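Report on the following structure.
What you see is a predicted model; the values in this text were computed from it and never measured.
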Amino acid sequence: DIHTSRKNFKKLRGVIRAVRPALGELVYKRENAFFRDVGRELSGYRESFVQVKTLDFMVKEFPNQLDTSGVTELRERLKADHADRMEKLRAGDRTHSIAARLARTTEEIADWPLQRNHALVLDGITATYRRGRKEYRQARNEPTTERLHSWRKRVKYHWYQVRMIKAAWPELLAPLDDAVHSLADDLGDDHDYADFEARVIDGGEIKLSPKMIRKLHKAMAARRDALQTSAFGAARRIYAEEPAHFARRLGAYLEFTWA
C-alpha cells in the first residue's frame, strides 16, 4: 500500500510537470512540493522493505558467492528493522494526517486553470524529455550513483507522461511506453542496489564480516553493471531525437487527436 501510494504521488508529479506552463509557477511549485514531501514521509518504510527483497534477489542470482548462514542472519535483521518501522507507523497518526491533507488537495485540483488543448501538455512533456536527455548524457559520461538517481527521476516522469498521451496514437506510443517503463525499471533496480550498498553494507548500522562485505560488493557490482549497460543501450534509442523534433512529432499526434 505504501509503495502504491508513493508511486501515485510520482504519477501526479508527472502530470503537474506536463501542465506546468498552464498552472503557473505559484500553483506548480505548491502542488509539486506537496506531493514530493508526502512521498518522502513514507520513503523510509518502502526502503526497509526493498532492502529485504534486494537481498533475496541477490541470493537467488548469486547462490555460490554468498554465505548462506551469514545471509540468513542479515535477512532477519533487515526484517526486524522493517517490522519495527511499520509498527511505529501504525502506532502514530501519520497516515491519518496524510490522508486528511490529500483530501483537501483533491478539492483544490478542481480549480486548476486547465483547458482541453494539446498545447497545454506539449511544452511540459517536451521539457521533461529535454531534461531527461541531458541527464542521460551526463550519467553516461559520469555514471555516479547521484547522476543515475537524478536521471532515473526524469525517466519516471517521462514514462508517466507518455502514458498520459498514449491514446493519441496507441500503435506507436504503446511501444514507447513499454520501452521507457523498462528503462525506468532498470534504473530503479540500480538505485535499490546502490541504496542497499550505502545503507546495509557500508552504513555500519548492521555489522557484517569483512568476507560478507566483499562478497556482497562483488555481487552488487556485477548486477549494477548489467543494469546500467541495459539502461544506456535503451536510452540511446529513447533519446535519439532532438527535443525540437520530438515536440513537433508529438504535437502533430496530439493536434490530430484533439482536433
Side-chain angles (χ1 to χ4, degrees), residues 1-7 10 36 39-92 94 135-156 182-235:
D1 291 338
I2 288 173
H3 176 60
T4 301
S5 297
R6 294 186 70 243
K7 187 162 61 174
K10 291 177 182 178
R36 178 199 65 203
R40 284 178 178 173
E41 286 188 48
L42 298 174
S43 63
Y45 308 102
R46 187 261 178 187
E47 287 164 358
S48 63
F49 174 78
V50 169
Q51 285 167 5
V52 178
K53 293 298 181 183
T54 299
L55 181 61
D56 288 345
F57 182 85
M58 296 304 298
V59 171
K60 182 180 178 180
E61 189 81 357
F62 302 96
N64 299 323
Q65 294 187 28
L66 301 179
D67 181 1
T68 304
S69 60
V71 166
T72 300
E73 182 181 356
L74 173 58
R75 190 179 192 279
E76 290 305 312
R77 292 180 184 178
L78 293 175
K79 283 180 61 179
D81 175 65
H82 177 63
D84 182 60
R85 289 172 184 251
M86 293 303 297
E87 185 62 31
K88 291 178 180 178
L89 176 64
R90 296 187 184 99
R94 181 169 296 180
E135 295 202 18
Y136 150 61
R137 292 181 169 184
Q138 291 175 339
R140 181 189 61 191
N141 294 332
E142 189 181 354
T144 63
T145 296
E146 291 76 18
R147 287 197 182 279
L148 287 164
H149 177 51
S150 181
W151 175 37
R152 164 183 168 261
K153 291 187 288 186
R154 309 309 151 196
V155 171
K156 281 274 192 179
S182 179
L183 172 59
D185 281 348
D186 282 345
L187 293 174
D189 288 344
D190 180 77
H191 174 68
D192 288 341
Y193 291 125
D195 189 64
F196 186 94
E197 283 191 286
R199 293 173 179 268
V200 178
I201 303 176
D202 301 327
E205 294 183 10
I206 298 177
K207 300 300 180 182
L208 301 172
S209 69
K211 181 180 178 181
M212 175 62 76
I213 290 174
R214 287 195 300 272
K215 288 188 173 184
L216 285 170
H217 273 309
K218 184 177 180 180
M220 289 282 173
R223 182 60 183 155
R224 291 193 66 192
D225 182 66
L227 287 166
Q228 290 175 29
T229 298
S230 174
F232 289 133

Would you say that L55 contacts K79 through its side chain, given a criterion of any heavy-atom pair below 4.5 Å between the two side chains?
no
For this session: Answer yes or no: is there an ion pair linking R46 with D192, defined by an N-O contact shorter than 4.0 Å?
Result: yes
Rounded to the nearest 0.5 angstrom, the NZ-CG distance for K156 and D185 is 6.5 Å
S48 side chain vs Y45 backbone, donor-acceptor pair below 3.5 Å = yes
Atom CG of D1: over 12 foreign heavy atoms under 6.0 Å
no
Could you walk me through whether H217 and D202 pass the side chain to side chain donor-acceptor pair (under 3.5 Å) check? CA-CA 10 Å; H217 273 309; D202 301 327; 3.0 Å; yes
Report task. Report the relative orientation of the aromatic rings in F232 and W151; use parallel for angles under 30°, tilted for 30 to 60°, perpendicular for over 60°. Result -> parallel
#### Entry: K215 vs V71 side-chain heavy atoms within contact, under 4.5 Å
no
d(R199 CZ, E47 CD) to nearest 0.5 Å is 4.0 Å
(message) Is any side-chain heavy atom of L216 closer than 4.5 Å to one of L74?
(response) yes
query = So, the side chain of D225 versus the backbone of A221: is there a donor-acceptor pair under 3.5 Å, distance only?
reply = no
Would you check if M86 and I2 make a side-chain contact, meaning some heavy-atom pair closer than 4.5 Å?
yes
In this structure, CD of Q51 is separated from CG of D56 (nearest 0.5 Å) by 12.0 Å
Query raised in the report: Is the H149 ring parallel, tilted or perpendicular to the H191 ring (thresholds 30°, 60°)?
Result: parallel
Note: A139 and L148 closest approach over all heavy atoms is CB-CD2, 4.1 Å
Review point. Quick check: are there more than 12 heavy atoms from other residues, nucleotides or ligands sitting under 6.0 Å from CZ of F62?
Key: yes
Taken to the nearest 0.5 Å, the spacing of R147 CZ from E142 CD works out to 4.5 Å
- Checking side chain to side chain contact (heavy atoms under 4.5 Å, CB included) for the pair Y193/L227: CA distance, chi angles, key distance, verdict? CA-CA 10 Å; Y193 291 125; L227 287 166; 3.5 Å; yes
Rounded to the nearest 0.5 Å, the CG atom of D195 sits from the CD1 atom of I201 at a distance of 10.5 Å
When every non-hydrogen atom of D186 is compared with those of A231, the smallest separation belongs to OD2-N, 4.0 Å
Under-4.0 Å salt bridge between R85 and D81: yes
What one should report as the nearest heavy-atom pair of R6 and G39 is NE-O, 3.1 Å
One should read off an interatomic distance between F49 CZ and H3 NE2, to the nearest 0.5 angstrom, of 9.0 Å
query = So does D84 pair up with K88, basic N to acidic O under 4.0 Å?
reply = yes
In terms of heavy-atom contacts, R152 and L187 come closest through CD-O, 3.5 Å
With side chains defined as the heavy atoms from C-beta onward, is the minimum distance between R214 and K211 less than 4.5 Å? yes
inquiry  = Please check if the number of heavy atoms outside K153 that lie under 6.0 Å from its NZ is greater than 12.
reply    = yes
